[in-house]
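Inspection log for the structure reproduced underneath, given as structure tokens.
Only a predicted model underlies this, so the values are computations on that prediction, with no experimental measurement involved.
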Amino acid sequence: MATSWVNSAERIGSDLHLELTGPGGRRAALIRALREAVRSGRLAPGTRLPPYRSLAADLGVARNTVADAYAELVAEGWLTARQGSGTRVAERAEPLRSAARVPRKAPARARGPRHDLTQGTPDASSFPRTAWLASYRRALQQAPNEVFGPGDPAGRTELREALTEYLARARGVRTEPGRIVICSGFAHALRLLFGGGVLRGPLAVEAYGLGFHREVLAAAGVRTVPLPLDEHGARVDRLGRERAVLLTPAHQFPTGGPLHPARRAAVIDWARARGGLVLEDDYDGEFRYDRKPVGAVQGLDPEHVIHIGSVSKSLSPAVRLGWMVLPERYVDAVLAVKGEREAWASVLDQLSLADFVVSGAYDRHVRRMRQRYRGRRDRLVAALAEHAPHIEATGIAAGLHAVLRLPPGTEASTAKAAAWQGIALDGLAAFRHPETDMAAGDGLVVGYATPSEHAYGPALEALCRALPPP
């Protein structure tokens with residue numbers, strides 16, 4: 001039996017070769033072959049196709065196979081069929097542009113940066129695929145039938161219990177499963193708290209921080225009031241009439257310092273005195289390299305702090321899981337905003353993360369990445385000492401990024417030079433609150449965790465070439 005067909009010139013007007021290969025039988029193969037012939041322009045709009053009998057004889061297939069294929073393509077709009085006119089290629093079936101018109105190779109700059117040193121992303125190549133797959137399989141095998149129904153908006157009990165133990169042990173958080181609500185990440189937590197009306201503005205924030213978070217708050221109608229920063233962290237003594245403050249106390253983002261112990265105590269005193277609330281963004285609290293990580297502020301007063309964390313830095317942003325540890329008085333209000341069913345966080349991913357934590361795989365992964373990122377930071381500091389000793393990596397040895405302090409007036413030109421070197425990174429000014437009068441000076445925010453291990457060395461070399469001379 002034939003597996004291909006070459007038409008005669010009198011039937012179609014040009015040679016046409018149809019390959020009947022692939023899954024699904026001869027009918028499906030013929031449909032695919034004719035679609036591709038039309039799509040590529042080998043069958044031009046208006047071209048008349050052979051009658052069923054002729055094409056079936058050429059291909060060695062049943063007439064019904066050809067008739068069914070034609071009917072399917074007519075229904076899809078590729079072909080038209082009229083009495084007395086036969087079956088033709090539809091006039092609206094526009095072929096793809098000729099390959100000659102499409103550049104085979106985009107210019108180098110159109111392909112994007114060669115070196116990714118943007119902040120906020122872990123090394124994607126380090127995701128623990130084998131261990132995660134093992135946890136996923138165990139979770140799936142052990143999951144009760146109810147798992148495959150509507151999800152609990154609070155999150156799976158298994159995950160909330162695992163987080164209760166882990167956060168107490170690793171971050172000094174005091175809570176219980178009933179006070180943890182699972183979300184899809186920090187931005188989702190902000191949307192639930194402010195977009196849902198659980199909390200209202202104005203909200204005090206650090207003078208330097210993620211603009212994306214400010215945009216989320218602005219979309220919820222929340223005015224943010226910037227707090228100045230110094231070497232001891234946010235100036236919480238400048239808190240005014242606000243009833244809530246958002247802080248990154250373990251490792252200020254992006255400037256890199258921790259909140260001083262006296263200020264940790266002071267902000268709790270402020271919250272108690274005003275009936276206020278501290279929102280603690282613990283975005284990379286597990287990654288401290290020069291000493292044991294400082295415990296969460298939430299441990300000082302669980303009724304005046306909302307502790308928010310996720311696995312976006314420790315594991316992967318692709319997992320889309322985070323948590324809010326809430327004062328008891330806010331739990332019902334947050335759950336009411338989430339609704340009766342879980343609409344954001346995959347229940348199967350929740351069960352997988354619970355197993356990943358309980359089995360010890362999460363601790364092992366964090367320890368491994370802590371060593372890797374500490375080595376990355378050490379290599380950055382060593383490269384600066386050798387090639388640009390006038391440039392300092394500031395902040396504590398922690399997290400997934402460092403700030404390189406630059407000579408005054410050089411940030412814009414250095415960022416431009418980095419772009420010419422094919423480096424993607426951010427200048428410090430990009431994180432400045434638009435209403436603050438504080439200036440942290442010129443700097444680059446270098447995400448040393450983002451590149452894969454083999455790409456990090458070339459990225460450092462390119463970075464050093466972009467830095468300004470002394």
Side-chain angles (χ1 to χ4, degrees), residues 113-121 205-215 224-235 238 247-248 251-260 281 283-284 290 373 376-451 456 458-470:
R114 295 188 299 275
H115 310 292
D116 189 355
L117 292 176
T118 51
Q119 56 75 34
T121 307
V205 299
E206 294 160 333
Y208 280 73
L210 272 178
F212 173 64
H213 291 166
R214 294 193 295 267
E215 291 170 4
T224 55
V225 180
L227 286 177
L229 299 165
D230 62 19
E231 67 274 15
H232 298 306
R235 292 286 305 273
R238 299 284 188 89
L247 300 173
T248 52
H251 185 218
Q252 201 286 320
F253 181 86
T255 60
L259 188 63
H260 191 275
D281 180 1
Y283 72 101
D284 66 357
D290 57 348
Y373 295 151
R376 296 278 187 92
R377 191 180 191 280
D378 289 346
R379 288 173 64 184
L380 171 62
V381 171
L384 292 175
E386 180 178 358
H387 300 289
H390 58 293
I391 305 293
E392 180 186 6
T394 60
I396 58 174
L400 279 64
H401 75 276
V403 173
L404 307 191
R405 293 293 178 179
L406 300 175
T410 63
E411 180 177 315
S413 60
T414 305
K416 186 174 181 180
W420 276 105
Q421 291 291 337
I423 306 170
L425 47 65
D426 299 297
L428 187 57
F431 302 96
R432 186 172 180 264
H433 193 291
E435 296 180 17
T436 186
D437 56 4
M438 176 205 163
D442 287 27
L444 297 179
V445 181
V446 176
Y448 49 74
T450 306
Y456 187 55
L460 281 184
E461 294 174 4
L463 174 65
C464 289
R465 289 195 295 269
L467 295 175

Specify the closest pair of heavy atoms between [X] and [Y], including all atoms of both residues, with the distance to one decimal.
X      : Y      : result
Ala207 : Thr436 : CB-OG1, 3.6 Å
Ala466 : Thr414 : O-CG2, 3.7 Å
His433 : Thr224 : NE2-OG1, 2.8 Å
Arg214 : Gly209 : NH1-O, 3.4 Å
Leu117 : Pro451 : CD2-CG, 3.7 Å
Arg405 : Leu428 : NH1-CD2, 3.4 Å

So [Y] and [X], do their side chains get closer than 4.5 Å, heavy atoms only?
X      : Y      : answer
Pro228 : Arg238 : yes
His213 : Phe253 : no
Ile391 : Leu406 : yes
Thr121 : Asp116 : no
Arg379 : Tyr448 : no
Ser413 : Glu411 : no

Quick one: does [X]'s side chain have a donor or acceptor within less than 3.5 Å of a partner on [Y]'s backbone?
X      : Y      : value
His390 : Pro468 : yes
Glu206 : Leu247 : no
Arg465 : Ala417 : no
Thr394 : Val403 : yes
Asp442 : Gly409 : yes
Arg114 : Gln421 : yes
Tyr208 : Ala440 : yes

| said: Looking at Tyr456, I'd like to know if the NZ or CZ of Arg376 sits under 6.0 Å from its six-membered ring centre while staying within 45 degrees of the ring's axis. | reply: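 Satisfied, under 6.0 Å and within 45°.
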
Approximate separation, where rounding is to 0.5 Å, of [X] [atom1] and [Y] [atom2]:
X      : Y      : atom1 : atom2 : result
Leu467 : Thr410 : CG    : OG1   : 9.0 Å
Leu384 : Glu392 : CG    : CD    : 9.5 Å
Ile423 : Glu461 : CD1   : CD    : 10.5 Å
His401 : Leu380 : NE2   : CG    : 11.5 Å

| query | Given the rule in the side-chain contact (heavy atoms from CB on, under 4.5 Å) test, do Gln119 and Leu210 qualify, once you have shown the distances and angles that lead to the verdict? | reply | CA-CA 11 Å; Gln119 56 75 34; Leu210 272 178; 4.0 Å; yes

| task | Show your working on side-chain contact (heavy atoms from CB on, under 4.5 Å) between Leu463 and Leu425 and close with a plain yes or no. | result | CA-CA 10 Å; Leu463 174 65; Leu425 47 65; 3.9 Å; yes

| Whether Tyr283 and His251 hold their rings parallel, tilted or perpendicular, with breakpoints at 30° and 60° |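 Ring orientation of Tyr283 relative to His251: parallel.
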
